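Bear in mind that the values here come from a model prediction, so they are computed numbers and not experimental data. Numbers for residues simply follow the sequence, beginning at 1.
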Amino acid sequence: MLDNAFFGFKVVAAEVAWRISQSIHAYEIRQLKKRLRLEYQALGEHSFSNTLDRDLEHAEDNPERSVAAAFETVSFLKEEIARLELLWESKRRDMLAARARQWNLRQNDAN
């Protein structure tokens with residue numbers, strides 16, 4: 001009985017550690033998505049100014065807000081978000097498999 005309690009404690013401790021790590025990862029992805037929204041906003045503002053026939057030279061004075069830079073940033077952020085989400089899913093699967101091996105569990109019991 002004491003072995004079961006100890007095993008239960010190990011499982012709970014491992015899951016708490018995983019949730020803390022997951023929270024940090026989720027925060028990172030939220031920050032990237034926030035930056036992505038800002039880049040979409042910059043593209044929208046630029047499109048709006050072009051619709052009103054404002055000159056493009058003013059927008060090109062600030063290279064961070066140029067259309068090309070915004071498109072590149074949007075593309076990078078979307079790829080980075082997708083990569084991080086896939087990486088996180090892979091880490092979870094690997095962690096569960098390692099835990100199953102370490103605790104001598106059958107693989108389908110860990111899922």
* Report yes if the side chains of Leu36 and Tyr40 come closer than 4.5 Å at any heavy-atom pair, otherwise no. => yes
* Residues Glu80, Arg83: salt bridge by 4.0 Å N-O rule -> yes
* Compare all side-chain heavy atoms of Leu96 with those of Arg93 and state whether any distance is below 4.5 angstrom. => no
* Interatomic distance, Gln31 atom CD to Ile81 atom CD1 [nearest 0.5 angstrom] -> 11.0 Å
* Asked: Can Arg99 and Glu15 be counted as an ion pair, charged N to O under 4.0 angstrom?
  -> yes
* Do Leu2 and Phe7 touch side chain to side chain, with heavy atoms closer than 4.5 Å? -> no
* Hey, does Trp88 have a side-chain heavy atom less than 4.5 Å from the side chain of Ile29? -> no
* Check whether Phe9 and Trp18 end up in the same hydrophobic cluster, where Ile, Leu, Val, Met, Phe, Trp and Tyr are linked by side-chain heavy atoms less than 4.5 Å apart. => no
* Is the shortest heavy-atom distance from the side chain of Gln22 to the side chain of His25 under 4.5 Å? -> no
* Would you call Lys91 and Glu85 a salt bridge, taking side-chain N to carboxylate O under 4.0 Å as the test? -> no
* Using a 4.5 Å cut-off on heavy atoms from C-beta on, say whether the side chain of Phe71 contacts that of Glu39. => no
* **Any donor-acceptor pair under 3.5 Å from Ser21 side chain to Ala17 backbone** => no
* Starting at OG1 of Thr73, measure out to CG of Leu38 and round the result to the nearest 0.5 Å. => 11.0 Å
